[in-house]
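I have placed the structure first, in the form of C-alpha cells, so that the comments after it can refer back to it.
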2 protein chains.
Amino acid sequence: MSSTKQKIVDAAVRLFNEHGWVNVSVRDIAKELGISPGNLTYHYPNKGSVIQTIHQRIIEKRAMIFGNLSLDASIVNVNQQFQPLLELYAEYRFFFLDLLEIMRAFPDIAKMHREHIEFLITSVKGVIDYSVHSGNLHPEPKEGYYLNLSETVWILVSFWLNQQTIRGRAELNYEGARETMWNLVLPHLTEKGKQNYEEAMLALKES
Amino acid sequence: MSSTKQKIVDAAVRLFNEHGWVNVSVRDIAKELGISPGNLTYHYPNKGSVIQTIHQRIIEKRAMIFGNLSLDASIVNVNQQFQPLLELYAEYRFFFLDLLEIMRAFPDIAKMHREHIEFLITSVKGVIDYSVHSGNLHPEPKEGYYLNLSETVWILVSFWLNQQTIRGRAELNYEGARETMWNLVLPHLTEKGKQNYEEAMLALKES
DNA sequence: GTCTATAGAGTGATAGAC
DNA sequence: GTCTATCACTCTATAGAC
C-alpha cells in the first residue's frame, strides 16, 4: 500500500473517531492531509471504499487476536487475552460508536459484523463452559443462564465506549469494563475460582 | 398544539424510527404527510426544533412515569413499573438508537440527557438498597458492587434496542431485557427474595 | 500521482403569493 | 396556514490538465 493510501486511512480513522462517521466528508479527510479531494478519489473512489478498507483492517487485526487465543481459559489468561481486543475497539472506536449507522449504509459490513458477534458470544460461552469444567465456576443455576450471561458480557464490552461517551466520560479506558465483567462472574465462582480470581487481580495490578 | 403541528411530530418520529435520524430530511417528513416543505417550516423553523419538541415530549412522558413511581420496590412492582419506561423507549426508539449523533448535534439535549442518566442509575441503586433493607437481597459482596450493578442494569436496558437492532433481531420487544436484568439480580436474592421472585414471574405470565 | 474545476444531487432555510 | 419557487450551501463523484 502506497504511503498516501496509508495516510488517508490513518487520517480518516482519526477524524471519524473525533467527529463521528457521518460528520466527516472526503473533503475533510483531504484537507486534514493537505492533499486535494481529487487525489483522495484517485486512491479511494468513494467514501464507502474508505470504510470498507478500514473494516478490512479491523477484520485482519481481529483475526490475529483470535488466532493467538489460547484455549486454556484461566482467569489470568482471560484478562490478558482480552486486552488486545479492547485496544482494537479503542483504536477504531468510531466504528463501534457509529456502528448502527455504518451497518445501515453498508449491508455487506452489517452481514459480516453480525456473524462476528455470534462468534464472539459463542466464544464467551465456551470460556464459561471451560471454567465450569475446570472447577472455577459453579454449574449454571438454571437452564440457559450462562448463554444469557455470555450475551450480557458481549453487550457490556461492545457498548462500553458508547456508554462512556454518552455519559460524558472522556477517559476512553476499559478498566471499568473489565471490573464490571468480573463483577458479573463473581457470584458464580467456586472456592477454587475465587482463589484464581484474587491471584489474577494481583497479577493485573503488578503489570 | 394544532393538528398539523402534531401530525408533523408524529410523522417525524415514524420516519426517524424507520430510517435513523440523519437519514431523514425535512422534505421527507413533509412528503410523508403530503404537505409542502414551506408549511412544515412554518410550524418548525428548522430540523433542530422538531427534535427539540420530540425530546420535550419524551421528558414529559418520562416525568409522568417517574411521578407515579412507588417507593415500595417489591419485585412485582419493579416489573410493573418498569413496563411504561420500556414502552417509551420503544415508541421513540430512534432517539435512543441514534443518541450519540443527536447528542453531538444538540449540546443542550446532551446535557439534560446526561443528568437523566445519573438520575436513572441512582434510582436503580435506590431500589437495590431498599431490597437489601427489606430482606429480599443479600448485602453487597464487596464495596461498590451494587453501584456497579446499577450501572450495568442501566447499560443493559438503555442499549437493549441497539444490540437487538445490530444483531438483526427485528422483534423490538423487551422480554429479553427483563429476563437478563433479573438474571443479574438472581445470585444475590435471599430466600425471601427468591420466593417473591417466583411469585412475580408467575404474575407476569398471567398478565 | 497529484492537481483544479465542476457537474449533479441533496440539504436546510427563506421569500412572498394566496 | 398553506403553497410554490428559490437561494445558498455542502456533499459525492467525475473530467481532464499536468
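Labels below follow one simple rule: chain letters A, B, ... track the order of the sequence lines, proteins then strands, and each chain is numbered from 1.
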* Among residues two or more places apart or on two chains, list those pairs meeting salt bridge (charged side-chain N to carboxylate O under 4.0 Å, His left out) that have a residue in residues 173-186 of chain B. =>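 Qualifying pairs: B:E175-B:R178.
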* Asked: So B:F95 and B:H113, would you call those rings parallel, tilted or perpendicular, with 30° and 60° as cut-offs?
  ->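 Perpendicular.
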* To do: Anything under 30° is parallel, anything over 60° is perpendicular, the rest tilted; go ahead and classify B:W154 against B:F159.
  =>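 Plane angle over 60°, so perpendicular.
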* Asked: Would A:R167 and B:E151 pass as an ion pair if we require N to O under 4.0 Å?
  ->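 Result for this pair is yes, salt bridge flagged.
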Separation of atom [atom1] in [X] from atom [atom2] in [N], rounded to whole Å:
{"X": "A:N39", "N": "C:dA5", "atom1": "CG", "atom2": "C1'", "result": "15 Å"}
{"X": "A:L40", "N": "D:dC11", "atom1": "CG", "atom2": "C1'", "result": "14 Å"}
{"X": "B:H19", "N": "C:dG10", "atom1": "NE2", "atom2": "P", "result": "15 Å"}
{"X": "B:Y44", "N": "D:dT2", "atom1": "OH", "atom2": "C1'", "result": "16 Å"}
{"X": "B:N23", "N": "D:dC11", "atom1": "CG", "atom2": "P", "result": "16 Å"}
{"X": "B:F106", "N": "C:dG12", "atom1": "CZ", "atom2": "P", "result": "11 Å"}
{"X": "A:I8", "N": "C:dG1", "atom1": "CD1", "atom2": "C1'", "result": "11 Å"}

Nearest-0.5 Å distance, [atom1] of residue [X] to [atom2] of residue [Y]:
{"X": "A:L97", "Y": "A:N162", "atom1": "CG", "atom2": "CG", "result": "5.0 Å"}
{"X": "B:Q163", "Y": "A:L99", "atom1": "CD", "atom2": "CG", "result": "12.0 Å"}
{"X": "A:W21", "Y": "A:I51", "atom1": "CH2", "atom2": "CD1", "result": "5.5 Å"}

Short N/O separations, protein against nucleotides 5-8 of chain D, under 3.5 angstrom:
none

* A:H43 side chain, from C-beta outward: closest of D:dT2, C:dG1, C:dA13 ->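 The answer is C:dG1, which lies nearest to the side chain.
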* Closest to the B:I35 side chain: D:dC3, C:dT11, C:dG12? ->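 That would be D:dC3.
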* From B:I155, B:V124, B:D129, B:T122, residue fulfilling side chain to side chain contact (heavy atoms under 4.5 Å, CB included) relative to B:S150 ->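 The side chain to side chain contact (heavy atoms under 4.5 Å, CB included) with B:S150 is passed solely by B:V124 among B:I155, B:V124, B:D129, B:T122.
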* Map A:D28 and A:T41 onto DNA chain D by nearest heavy atom, then report which one ends up closer to the 5' terminus. =>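 On the 5' side of the pair lies A:D28.
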Atom pairs, protein N/O to nucleotides 16-18 of chain D N/O, distance under 3.5 Å:
none

* With sequence neighbours excluded, residues passing salt bridge (charged side-chain N to carboxylate O under 4.0 Å, His left out) with A:R14 ->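 A:R14 satisfies salt bridge (charged side-chain N to carboxylate O under 4.0 Å, His left out) with A:E32 only.
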Output yes when at least one side-chain N/O atom of [X] is less than 4.0 Å from OP1 or OP2 of [N], else no.
{"X": "B:T4", "N": "D:dG1", "answer": "no"}
{"X": "A:S36", "N": "C:dT2", "answer": "no"}
{"X": "B:Y42", "N": "D:dT2", "answer": "no"}

* **With B:W182 via ring-ring contact (aromatic ring centres under 6.0 Å, His included) - residues at least two apart** =>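 B:W182 satisfies ring-ring contact (aromatic ring centres under 6.0 Å, His included) with B:Y197 only.
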* How bent is the helix from C:dG1-D:dC18 to C:dC18-D:dG1, comparing axes over its five end pairs at each side, to the nearest 10°? ->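 One end axis against the other gives 10°.
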* Are side-chain N/O atoms of B:T180 and B:N183 paired as donor and acceptor at under 3.5 Å? ->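 Looking only at side-chain atoms, B:N183 and B:T180 do not form any donor-acceptor pair under 3.5 Å.
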* Apply the test side chain to side chain donor-acceptor pair (under 3.5 Å) to residues B:E101 and A:N23: give CA-CA distance (whole Å), side-chain angles for both, the deciding distance (0.1 Å), then the verdict. => CA-CA 9 Å; B:E101 198 47 48; A:N23 300 312; 2.9 Å; yes
